[in-house]
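In what follows, a single structure is set out as structure tokens and then discussed.
In what follows, chains are A, B, ... by sequence order, proteins preceding strands, each numbered from 1.
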Amino acid sequence: MSQYSAPRGTEDLLPEQIPLFDHVLETCRKVLEQYAYLEIRPPLFEETSLFVRSLGEVTDVVEKEMFTCQRGDTSVTFRPEATASVVRAYLQNHLDKTRPFRKLYYIGPMFRFERPQAARQRQFHQVGIEAIGSHDPRLDAEVIHVAATCVEALGIQGFTVHMNSIGNAEDRVHYKDALKSFLEPQIQQYCKDCQRRYERNIFRVLDCKERECKKRNTDAPAFLDVLCEESATHFAEVQQALGALNREFEIDKGIIRGLDYYTHTVFEIRLPSLGARDTIVGGGRYDGLIEEMGGQSTPAIGFSLGVTGVLLAMGKQGLAEEHLGEPPCPVYVASLGEEDRASAFVLAEGLRRAGLTVDLDFEGRRIKPQLRQAAKRGARVVLIIGEDERARQVVQVKDMEHSEQIELPNDGDLPTEIQRILERDRREDQ
RNA sequence: GUGGCUAUAGCUCAGGUGGUUAGAGCACCAGAUUGUGGUUCUGGGGGUCGGCGGUUCAAGUCCGCUUAGCCACCCCA
């Protein structure tokens, strides 16, 4: 074993895992493009201050989870999430000037310096969308629905959609006051964690899992009680629009979200079977962020889906197996003697030029091991070339599936003949 | 950042109370009348027992530290 291992919280995706990983990304991509979202690819790192500004200085992500790199005067940070980058790109490239309403999506790795856990890594992939430039409640519904549709498209069962509204900035101030006066007289009765949350991030007291705290929270004021009329109406319309899409959801007044930029609609998709870390999609509206970052006041909403959690869920639900495994090499060229290797080498290249996927032995194996290797690699057709074949300008063509072997001239028609064998099953199936 | 559990071959794991050259299954490689796969049989390679240090005549086995993984907390995709 090498003395080196992948950095903590990272992993190598090996050839046999790539098809599964790509299947997840491509399935999501297909859904997003159906809803007319267009891909954007910002860089993987940004100026550190971009994240500090957008996520909020006192958030955990900024305080202790950033991968930051100092070079002289410049400080850059590997993106812990993509919303900030997408908004930055939206403004920098003047997308707001040319066509203010944009539906964008991204797929790629994110980085957070956290302690690894189930469904949590330091480098992880997210698939996400950002719909910028509209406050239309139907857009909120679409975004939530698209997230759920991605999860569905992967075949994952048992997920639930939870949402809440945390209103605008003023609503939040009102709510904080209301919550404070509810908790203050009884905070001593709450668990130790909640007492700390009360000081640090009072909203989080609401999603404590302790039975006693939970019971007390049932009487707590909800955001929904203090929303101004406009916010309340918006939220009601989001629900109505979700209904129109036949998308089931639960109102969950405990959903607060950890990043400062969220407003109004916030939502999560959860998969309880995953264990402690069961949120696979998180998202919400961020109507204040674009202005905060120097643009015009522009409403927006988005989500991000964690690929790690999705893969875990697919594994547990038996959806991963069929996508695992190296792609087969359909054609293999075997050679008999040492003198035949050069011919095999050239023959393989000719077939590749004709569009076939071909490999041959580079380990000096004899014929038998070559056949074994070909079978293991999933070859449907093996070409065998020996002294006799060379002299007569032919090759042995073996159909591995049917154990049939025929002799064919080694000429320009060979690729077509091989193709015919490769397609044989398909025809027989019909 | 905090806590619990774990660490033996590529993989899954055996290795009572410390005691000779550390084992199995699978995988890998090779042979079974010398030009042919998937079955079978036979043989083979491969382990600094995560790393460092300690106790001991003797440590895979006991102790300490460290690293990594898993799980949970904080938080989060």
Original post:
Expressed as a whole number of Å, how far does the P atom of B/G38 sit from that of B/U21?
Top reply: 39 Å

**OP:** Take atom C1' in B/C49 and the same atom in B/G15, then report the distance between them in whole Å.
**Re:** 10 Å

Quick one: label [X] by what it contacts on the DNA or RNA (base, sugar-phosphate, nothing), any heavy atom closer than 4.0 Å.
X: A/A379; value: nothing
X: A/R365; value: sugar-phosphate
X: A/P369; value: sugar-phosphate
X: A/E389; value: base
X: A/L336; value: base
X: A/G386; value: nothing
X: A/A374; value: nothing
X: A/E11; value: nothing
X: A/V281; value: sugar-phosphate
X: A/G9; value: sugar-phosphate
X: A/T279; value: sugar-phosphate

Does the gap between the ring centers of [X] and [Y] come in under 6.0 Å?
X: A/Y37; Y: A/Y105; result: no
X: A/F21; Y: A/H125; result: yes
X: A/F78; Y: A/F111; result: yes

Original post:
Where do A/A147 and A/F267 come nearest, in terms of heavy atoms and distance?
Top reply: CB-CE1, 4.2 Å

Subject >> Stepwise side chain to side chain contact (heavy atoms under 4.5 Å, CB included) check, A/S231 with A/H264 >> reply: CA-CA 7 Å; A/S231 297; A/H264 296 283; 3.3 Å; yes

**OP:** Residues of residues 105-114 of chain A with any non-hydrogen atom less than 4.0 angstrom from an atom of RNA chain B: list those, numerically ordered, please.
**Re:** A/R112, A/E114

[X] side chain: which of [options] is closest?
X: A/D60; options: B/C29, B/C74, B/G37; result: B/C74
X: A/F124; options: B/C74, B/A32, B/A77; result: B/A77
X: A/A118; options: B/C71, B/C76, B/G69; result: B/C71
X: A/A375; options: B/C76, B/C74, B/G37; result: B/G37
X: A/R120; options: B/C73, B/G35, B/U36; result: B/C73
X: A/I384; options: B/C70, B/U36, B/C71; result: B/U36

Would you state whether a donor and an acceptor, one from the side chain of [X] and one from the base of [N], lie under 3.5 Å apart?
X: A/K398; N: B/G37; result: yes
X: A/R115; N: B/G3; result: yes
X: A/Q405; N: B/U36; result: yes

**OP:** Between A/V307 and A/D399, name the one whose nearest nucleotide on RNA chain B is closer to the 5' end.
**Re:** A/D399

Original post:
Relative to the 5' end of RNA chain B, which residue comes earlier, A/E65 or A/P7, by the nucleotide with the nearest heavy atom?
Top reply: A/P7

Side chains of [Y] and [X]: any donor to acceptor distance under 3.5 Å?
X: A/E130; Y: A/T83; result: yes
X: A/Q117; Y: A/R277; result: no
X: A/S165; Y: A/T265; result: no

Original post:
Taking CD from A/E401 and P from B/G37, how many angstroms apart are they, rounded to a whole number?
Top reply: 17 Å

Subject >> Whole-Å distance separating the CG atom of A/L305 from the C1' atom of B/A77 >> reply: 8 Å

Original post:
Would you say B/U67 has OP1 or OP2 under 4.0 Å from some side-chain N or O of A/R8?
Top reply: no

Original post:
Would you say B/A72 has OP1 or OP2 under 4.0 Å from some side-chain N or O of A/Q117?
Top reply: yes

Original post:
Taking the six-membered ring for Trp, are A/H135 and A/H234 parallel (under 30°), tilted (30 to 60°) or perpendicular (over 60°)?
Top reply: parallel

Original post:
Is the charged tip of A/R285 near the ring of A/Y262: under 6.0 Å from the six-membered ring centre and within 45° of its axis?
Top reply: no

**OP:** Could you tell me whether A/F45 atom CZ has more than 12 heavy atoms of other residues or ligands within 6.0 Å of it?
**Re:** no

**OP:** Runs of at least three consecutive Watson-Crick or G-U pairs, both distances under 3.5 Å, are what I'm after; which ones involve RNA chain B?
**Re:** B:1-7 with B:67-73, B:10-13 with B:23-26, B:28-32 with B:40-44, B:50-54 with B:62-66

